Asker: 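Shown below is the structure under consideration.
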Amino acid sequence: MTMNINQSDINKKQIDIINQQYTEKIRESAKKVLLEKKVDVVIGFKNGTEPMTTEPCLINKASDADKLIWNEHCRLNLANYVKGRKDKAAVVAKGCDSRNLVNHIIEHQIKRENLYIIGVPCNGMVDKSLNLKELKVEAESDTMQENLDLFPINRDMLQDNCKTCIKRNPVIFDEMIAEPVKEREWTKEEKLKESFESVNKIEAMAESDRWSFFNDMLSSCTRCYACRNACPLCYCPTCFVDESRPQWVGKGTDLIDVRTYHFLRAFHCAGRCTDCGACEAACPMNIKVRLFTKKLDKECFENFGWEAGMSLDERPPLDVYKVNDNANFIR
Amino acid sequence: MKIIKIDKKIWSDGVEKSRDSYRLIGPVKDREFHQFRELAKGEQPDMNYKNSRLSPKSIAFPQSETMFIYDLDEKAEEHHIMQDAEKDYSPRAVIGIRPYDAKAFKILDLNFNNSDYQDPYWVNAYNCTTFISLAVNSPDKFDFSTSCATGPFDDSAVDVLLVDYNDSYLAKIMTDKGLAWLNAAGFTTKNGEIDGAVTGVSEAGEDIYEIIEKLKADAESKIRSKISFDKIKEKSILDIFNAPFWEDIAFACLNCGTCTYSCPTCWCFDIQDETNGRKGIRQKNWDSCMTPLFTVHATGHNPRHNDWERTRQRFMHKLKYFQDKYNQGIMCVGCGRCVEQCPANIDIRNICNQMNNGE
Ligand code: SF4
Ligand code: SF4
Ligand code: SF4
Ligand code: SF4
Ligand code: SF4
């Protein structure tokens, strides 16, 4: 089974075939590892209750493995669902999920030997707001599905982070459910220009414009914390915003507190964020929260050539001392 | 009950005219989504909106509301004494609210205004508001309001129910409060008197009651999702509380505040003091049972320590405890916001049916 797919010519029909093959393979693997008692549970996705939705699920019997599915709506990051687990878990992991598993291992949140990684070569996830528009169709009609048949899964349909994904195949895995997909090959310069385009745009703004840009961007944030809770990196037992003794951040709707939350959280993710996009996919207000972490991703890439979660053998830049560091103060 | 027909051509002028005696609130698109907020002069409610992302409960129960202000500067007059925050409870009208979102106010009222407790902020804000509701002709996929003792044409919690009909709004006048707003907008023919010609049969000879009934039946028939909760009431609390399905239901849940914040019937709040220098305020903020801070004790002990216990709380409260305590159905109007917005696809419709039919 060779599936070497060029992103631009994947259409809905092809995607359906791929989804079906992936789904079958995932179910097969799940059954096998459960029956062979290699793991206690399998963590994957099942179908949601509405078209174009999925729900993370936990399977602990081989007979339930047929609930598992794969499609272009598996936006959440399943590494988020293994943190702190003490049992042996198999995880269905696309490229970014696997990078966050690497993070977890490096940060001692989970042991490699307790993980069985079912690797999924990823073709990208469809932007969820595309759903929103589509789902606005009246309850009685099912035109949404029909429309979808006409859509090719082209770059425009992908969520922002998938458009510039640097690792679509899992970094670490115990088995791959299909041949790897083609990775984009690009130079450091290309990456800095294209992958960080959104950040570059903001950097080019005048200071006051930048300030109003962020204020406007955050004006609808309710601090529901879905972005934080969807993020595998955010595993602190008590987040600084929830600390009550002392209370660091106000609980009202004051923009000062909203900004404090976002800026501080982004800094906590520096050198760790894999740009998986789960935070953005989770936000009910469609706020582009990834912009903040992306800026720090850029700093790490530019200054240390660092991209998070790519290797088990290297410590993240904020966790390491190197004699050839760029900055004088640290040498 | 009387019905008048308002030509859409005179609608916006009338709305604007009503400003002489009302502050106006309505759905407007801010950034990506609609929300209910006070309309600036000349700003019209968007009567073509589909749904507001957050529910309109915020007009009487804002996410953050200042109750008191104080000054800790000992040189200031009346320092260290809580002063009432300034409030404006002059008459206001909320235009375009969905019938079941208006119904949600009745549910919130059980909590904020009962014989034991009256929350003055809620009571005053609710009382000064006239509900000019807009029936939903085309319910969306997430709507299950007809299962929740309300629906897209429910007129039981509104002062006026507007029905969008071709070039006009048919306005069912449910209360005197509603009539007063229609008068202020100049939509009634003579001041306070309703032209008999449009009540019942219009000039064109249409039977208006029949038209509304037909639109209502059409709208209701578009709602495909149904829930039942009749058996939940008979089951014992502990049986459902200890049911085996909770951990499974809650597995995907991120325990964020999305469902509770968007919900028109979630009423939990928290009281906080905020100081800036020597000046301070005491505020009432939305809270959410999904968060650990909601139940953590001063000792540090948290009786709802596990994520899944918090997920269980939300559904037990809405579908079981509320039924048992008030005997007025469930604490949900079926607006579908939590279903649509949950990042993990936790669907209250499924959970309700599971609680109802499951072991
Ligand atoms: S998920 Fe969105 S609304 Fe919620 S806290 Fe994050 S940015 Fe704000
Ligand atoms: S901050 Fe967002 S993009 Fe980065 S790892 Fe967390 S969820 Fe993924
Ligand atoms: S049910 Fe959904 S919206 Fe509610 S807390 Fe869980 S993940 Fe968030
Ligand atoms: S529980 Fe969900 S569907 Fe019910 S009223 Fe609240 S948000 Fe709407
Ligand atoms: S469901 Fe939770 S947040 Fe909503 S009212 Fe009940 S306890 Fe409060």
Side-chain angles (χ1 to χ4, degrees), chain A residues 43 45-51 53-58 73 75-76 80-81 128-129 132 135-142 144 216-217 219-220 222-231 237-239 241-245 247 250-254 256-257 278-279 281-287, chain B residues 30-33 35 50-51 53-54 62-66 138-143 221-225 247-248 251-262 270 272 274 276 281 283-288 290-293 296 298 300 307 337 339-347 349-350:
Chain A
I43 295 170
F45 287 97
K46 65 178 179 189
N47 267 323
T49 53
E50 292 288 341
T53 61
T54 58
E55 179 179 338
C57 73
L58 185 84
H73 304 291
R75 292 175 200 90
L76 289 183
N80 192 34
Y81 290 85
K128 62 146 185 191
S129 37
L132 284 178
L135 288 171
K136 290 299 173 205
V137 294
E138 291 181 12
E140 91 234 82
S141 79
D142 264 321
M144 183 182 58
D216 177 56
M217 164 180 163
S219 61
S220 60
T222 59
R223 277 197 289 158
C224 67
Y225 299 134
C227 48
R228 174 196 67 187
N229 294 11
C231 176
T238 306
C239 175
V241 291
D242 289 335
E243 196 61 76
S244 53
R245 285 170 302 179
Q247 182 165 311
K251 304 275 188 237
T253 44
D254 194 326
I256 293 179
D257 297 314
C279 48
C283 175
M285 306 310 281
N286 284 5
I287 297 170
Chain B
D30 274 348
R31 290 169 52 83
E32 220 168 312
F33 302 109
Q35 63 154 323
K50 277 279 184 191
N51 199 352
R53 198 69 170 167
L54 296 174
Q63 177 161 16
S64 185
E65 175 166 26
T66 304
S138 304
D140 66 25
K141 276 182 182 282
F142 302 101
D143 191 326
S221 71
K222 286 176 191 162
I223 295 178
R224 293 280 176 81
S225 49
E247 280 190 66
D248 183 41
F251 175 74
C253 177
L254 299 169
N255 293 93
C256 62
T258 301
C259 49
T260 50
Y261 284 2
S262 63
D270 180 30
Q272 291 269 329
E274 291 285 348
N276 188 354
I281 56 169
Q283 54 181 190
K284 175 180 155 197
N285 295 326
W286 287 350
D287 205 348
S288 165
M290 286 294 186
T291 68
L293 207 55
V296 75
D307 296 357
R337 285 186 183 83
V339 181
E340 179 173 6
Q341 295 175 37
C342 173
N345 193 241
I346 308 289
D347 191 329
R349 298 170 300 186
N350 273 4

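The model shown is predicted, which means the values in this text are computed figures rather than measured ones. Just so it is clear: chains get the letters A, B, ... in the order the sequence lines come, proteins before strands, and each one is counted from 1.
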Asker: Please look at A:Gln247 and chain B and tell me whether the side chain, the backbone, both or neither of the residue comes under 4.5 angstrom of a heavy atom of that chain.
Answerer: side chain
Asker: Which one wins on heavy-atom pair count under 4.5 Å against chain B: A:Cys224, A:Cys227, A:Cys57?
Answerer: A:Cys224
Asker: Restricting to non-hydrogen atoms, name the atom on B:Leu254 and the atom on A:Tyr81 that form the minimum distance, rounded to 0.1 Å.
Answerer: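 Of all heavy-atom pairs spanning B:Leu254 and A:Tyr81, the closest is CD2-OH, 3.4 Å.
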Asker: For B:Leu54, is it the side chain, the backbone, both, or neither that has a heavy atom closer than 4.5 Å to a heavy atom of chain A?
Answerer: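 Contact with chain A is through the side chain of B:Leu54 alone.
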Asker: How many angstroms lie between atom CD of B:Gln35 and atom CE of A:Met285, to the nearest 0.5 angstrom?
Answerer: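 Reported to 0.5 Å precision, the distance equals 7.5 Å.
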Asker: Minimum heavy-atom separation for B:Asn255 to A:Asn229, with atom names?
Answerer: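 The answer is O-ND2, 2.8 Å.
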Asker: Can you name the nearest heavy-atom pair linking A:Pro56 to B:Ala252, along with the distance?
Answerer: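 Scanning both residues, the minimum pair turns out to be O-CB, 3.3 Å.
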Asker: Does any backbone or side-chain atom of A:Ser219 lie under 4.5 Å from a heavy atom of chain B? Answer side chain, backbone, both or neither.
Answerer: side chain
Asker: Contact part of B:Tyr261 toward chain A, heavy-atom cut-off under 4.5 Å: side chain, backbone, both or neither?
Answerer: side chain
Asker: Tell me, for A:Leu76 versus chain B, whether the close heavy atoms (under 4.5 Å) come from the side chain, the backbone, both or neither.
Answerer: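 The side chain, not the backbone.
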Asker: Which value, rounded to the nearest 0.5 Å, describes the distance between A:Asp254 atom CG and B:Ile281 atom CD1?
Answerer: 8.0 Å
Asker: A:Arg223 versus chain B, heavy atoms under 4.5 Å apart: side chain, backbone, both or neither?
Answerer: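 When you check distances to chain B, only backbone atoms of A:Arg223 fall under 4.5 Å.
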Asker: Would the distance check show the side chain of B:Arg53 and the main-chain N or O of A:Pro284 forming a donor-acceptor pair, the cut-off being under 3.5 Å?
Answerer: yes
Asker: Under 4.5 Å from any heavy atom of chain A, what part of B:Asn285 do you find: side chain, backbone, both or neither?
Answerer: side chain
Asker: Spell out, as yes or no, whether a donor-acceptor pair under 3.5 Å connects the side chain of B:Glu274 to the backbone of A:Lys251.
Answerer: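 Present.
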Asker: Looking at A:Leu58, A:Thr54, A:Asn80, A:Ile43, which makes the most heavy-atom pairs under 4.5 Å with chain B?
Answerer: A:Leu58
Asker: I'd like to know whether A:Ser244 forms a side chain to side chain contact (heavy atoms under 4.5 Å, CB included) with B:Leu293, so could you lay out the CA-CA distance, the side-chain angles of the two residues, the decisive distance to 0.1 Å, and finally the verdict.
Answerer: CA-CA 8 Å; A:Ser244 53; B:Leu293 207 55; 4.1 Å; yes
Asker: Shortest non-hydrogen contact from A:Thr49 to B:Asn345?
Answerer: N-OD1, 2.8 Å
Asker: Closest heavy-atom contact between A:Asp216 and B:Arg31?
Answerer: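 Shortest heavy-atom contact: O-NH1, 3.3 Å.
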Asker: Taking the side chain from B:Gln272 and the backbone from A:Gly250, do they hold a donor-acceptor pair closer than 3.5 Å?
Answerer: no
Asker: Could you report the tightest heavy-atom contact between B:Glu32 and A:Ser129, atom names first, then the distance?
Answerer: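 The pair with the smallest heavy-atom distance is OE2-CB, 4.3 Å.
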